[in-house]
Amino acid sequence: MPFLSTKITLLSLYILTFFVIQNTFVACQDFKPERVHLVDSYQGNYLFRGNEPIIGGKTFAYAELNQAMIKILQDYQFEVPTTFQLIDLNFLNGFTNEEYGNIKVEENWFKDYSQSQNFFHWPIYGSVTNPEMYTEDVRTEKALTFDNWDGDRITPRLKITYDLLHKVETLPKFIYFHCEAGSDRTGEFAGCYKMLHFGWDYQQVIKYDTEIAGRKMVIFNSNHLQWYCYYLKENLNMNISCELEY
Ligand SMILES: *[C@@H]1O[C@H](CO)[C@@H](O)[C@H](O)[C@H]1NC(C)=O
């Protein structure tokens, strides 16, 4: 069974590389206000991206996070509400002790304030395959069935995010999505959002994420972004370019 063993080798390589990359780039860091960026807004509700909002491995950086988000709104000269609700979209997968601990810190913080409904744990992994590895026929077929095999569940999660942002409630919403570094898993989700709702091309999204991260994105996440681009093109018939032109 040569095919199966190739698959297993690929998978092992993926898992190994995943751990190496995760421990190299995204090992336990404190919250960094400069990693926070505004992604979208709607009538007093705001959507932000950033890194892990934890300090010293065990304290939820609530005040620091709020301060960082408010400062951005002031910089853009948006009106800053006096009270708002925080909604936390957490992309950690919990493969390492640190990540597992961080998920618990956030989950418990929301529980303690009886706001469990404002905490979402959405692990993101990316894709081991790249769309350019395939012939056009196979790529198109995979793009058309993306929703069936997408482990990151981009379509339903983007919908929930979009709906949260666009539903105006008494208390304005600050929606904060993040992973550990705020670059790769976060960059994947932000990029998918920008392609779907802003019509950005794959190349534009890569440029945006690279600028924010100050480095190239982890390949699994750029792979997934590119798959999602082909999905938008093939399945939703969006006029979007999914290749890098340089
Ligand atoms: C698709 O986008 C390209 C580049 O923006 C444009 O030149 C082309 O006319 C568009 N095609 C359609 C069918 O809208």
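Indexing begins at 1, ligand by ligand and atom by atom, following the structure's order. This structure is a prediction, so every number in the text was calculated from the model and none was measured.
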**OP:** Verify whether the ring centers belonging to Tyr176 and Phe48 lie closer than 6.0 Å.
**Re:** no
**OP:** For atom 14 (O) of ligand 1, state whether the nearest protein heavy atom is under 4.0 Å away.
**Re:** yes
**OP:** Run the salt-bridge test on Lys173 and Glu169 with the 4.0 Å N-O cut-off and return the result as yes or no.
**Re:** yes
Original post:
For Phe189, is the NZ or CZ atom of Arg157 found under 6.0 angstrom from the centre of its six-membered ring and inside 45 degrees of the ring axis?
Top reply: no
Original post:
Is there a protein heavy atom less than 4.0 Å away from atom 4 (C) of ligand 1?
Top reply: no
**OP:** Answer yes or no for atom 11 (N) of ligand 1: protein heavy atom present at a distance under 4.0 Å?
**Re:** yes
Original post:
Is the NZ or CZ atom of Lys142 positioned over Tyr134's six-membered ring, under 6.0 angstrom from the centre and within 45° of the axis?
Top reply: yes
Subject >> Options Asn237, Asn239, Asp201, ranked by nearest heavy atom to atom 6 (C) of ligand 1, top entry >> reply: Asn239
